[in-house]
Amino acid sequence: ALDLKRKAELLPYIARLPEQFGIPVLYVSHAVEEVAQLANEVLVLSAGRVTARGEVHDVLERPESEAVSGHFEAGVLLDGCVSGHLPQFGLSRVTVADQELRLPLLDQPAGSQVRLRVRARDVAIARQRVGEVSIRNQLRCRVLEMRDEAPGPYAEVLLGLDGAHLRARITREAVHVLGLRVGDEVYALVKSVSFDRRALR
């Protein structure tokens, strides 16, 4: 029940407790950004029943995890390594699955491991790499699954990224126009500002 600034100051201390004292920590939260930052394993409860359980990366990318994140905040976690900084542009370079991302400048040195949360609503899909566009992060992926949300306008697309995953929420019309099929190679376009800094660790 702390304000966001105080909570942000305390969460790193909680994150260090298991390693410092050699004990497990059970953390209860409705805030997916806290779960993404702190947890290694997650147990999702809905109406008093367990709806998902497992590694945090696996659980948060499943559709049933929206009981925690909410439909609008659904997404995935990516593990990356800081490969360098571009201070003149206020950016850092982070390597994820042998591909490079740019995101707002981090205070971690090169070589640091980071966890990123990317929302499905912040991922667009293109058939090929797009030139002369402001979106700098264009990741080569493969379509693994598609879930049609008819009669609504959206579809959920699960993308494979060399062992990691991304989720994209795009319109069903876009799926039709692009002719997307499971197995297709595509590019995921992610704005650098859409990475959730609260999930960095």
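Not measured: the values here are computed from a predicted model.
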[X] side-chain N/O to [Y] backbone N/O, donor-acceptor pair under 3.5 Å:
X      : Y      : value
Asp184 : Arg181 : yes
Arg102 : Arg136 : no
Gln138 : Val130 : yes
Ser83  : Arg93  : yes
Gln99  : Arg140 : yes
Ser112 : Val82  : no
Thr171 : Ala174 : yes

Take His57 and Arg115 through the test side-chain contact (heavy atoms from CB on, under 4.5 Å) and record every step on the way to the result.
CA-CA 10 Å; His57 293 70; Arg115 178 186 289 176; 3.8 Å; yes

Pairwise side-chain contact, [X] with [Y], heavy-atom cut-off 4.5 Å (strictly under):
X      : Y      : value
Leu43  : Val50  : yes
Thr51  : Leu45  : no
Arg119 : Arg169 : no
Leu91  : Leu105 : no
Pro18  : Ile23  : no
Arg142 : Leu159 : no

Decide, yes or no, whether a salt bridge links [X] with [Y] under the criterion of side-chain N to carboxylate O below 4.0 Å.
X      : Y      : result
Lys191 : Asp122 : no
Glu156 : Arg167 : yes
Arg16  : Glu19  : no
Glu41  : Arg53  : no

Hydrophobic clustering (ILVMFWY, side-chain heavy atoms < 4.5 Å, transitive) - are [Y] and [X] grouped together?
X      : Y      : result
Leu178 : Val186 : yes
Leu189 : Leu161 : no
Val28  : Leu38  : no
Val143 : Val118 : yes
Val123 : Leu144 : no

Which heavy atom of [X] sits nearest a heavy atom of [Y], and at what distance?
X      : Y      : value
Val114 : Val94  : CG2-CG1, 3.9 Å
Arg172 : Glu149 : CD-N, 4.3 Å
His165 : Leu78  : O-CD2, 3.3 Å
Ala188 : Leu166 : CB-CD1, 3.7 Å
Leu180 : Met146 : O-CE, 3.2 Å

Taking atom types as modelled and ignoring hydrogens, do the side chains of Glu34 and Tyr27 form a donor-acceptor contact shorter than 3.5 angstrom?
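Side-chain D/A pair, Glu34 to Tyr27: present.
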
Is atom CD of Glu173 surrounded by more than 12 heavy atoms (other residues, nucleotides or ligands) closer than 6.0 Å?
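Not buried by this count: 12 neighbours or fewer within 6.0 Å.
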
Any chance CD of Gln88 has more than 12 other-residue heavy atoms, nucleotides or ligands included, within less than 6.0 Å?
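Above 12, so yes.
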
Can you list the steps and then say if Leu116 with Leu103 is a side-chain contact (heavy atoms from CB on, under 4.5 Å)?
CA-CA 10 Å; Leu116 310 171; Leu103 59 155; 3.8 Å; yes

Could you grab the distance from atom CG of Asp107 to atom OG of Ser92, nearest 0.5 Å is fine?
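It comes to 8.5 Å.
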
Rounded to the nearest 0.5 Å, what's the gap from CG on Leu158 to CZ on Arg147? Could you check?
10.5 Å

Stepwise, does the side-chain contact (heavy atoms from CB on, under 4.5 Å) test hold for Val175 with Ile125?
CA-CA 9 Å; Val175 171; Ile125 296 175; over 6 Å; no

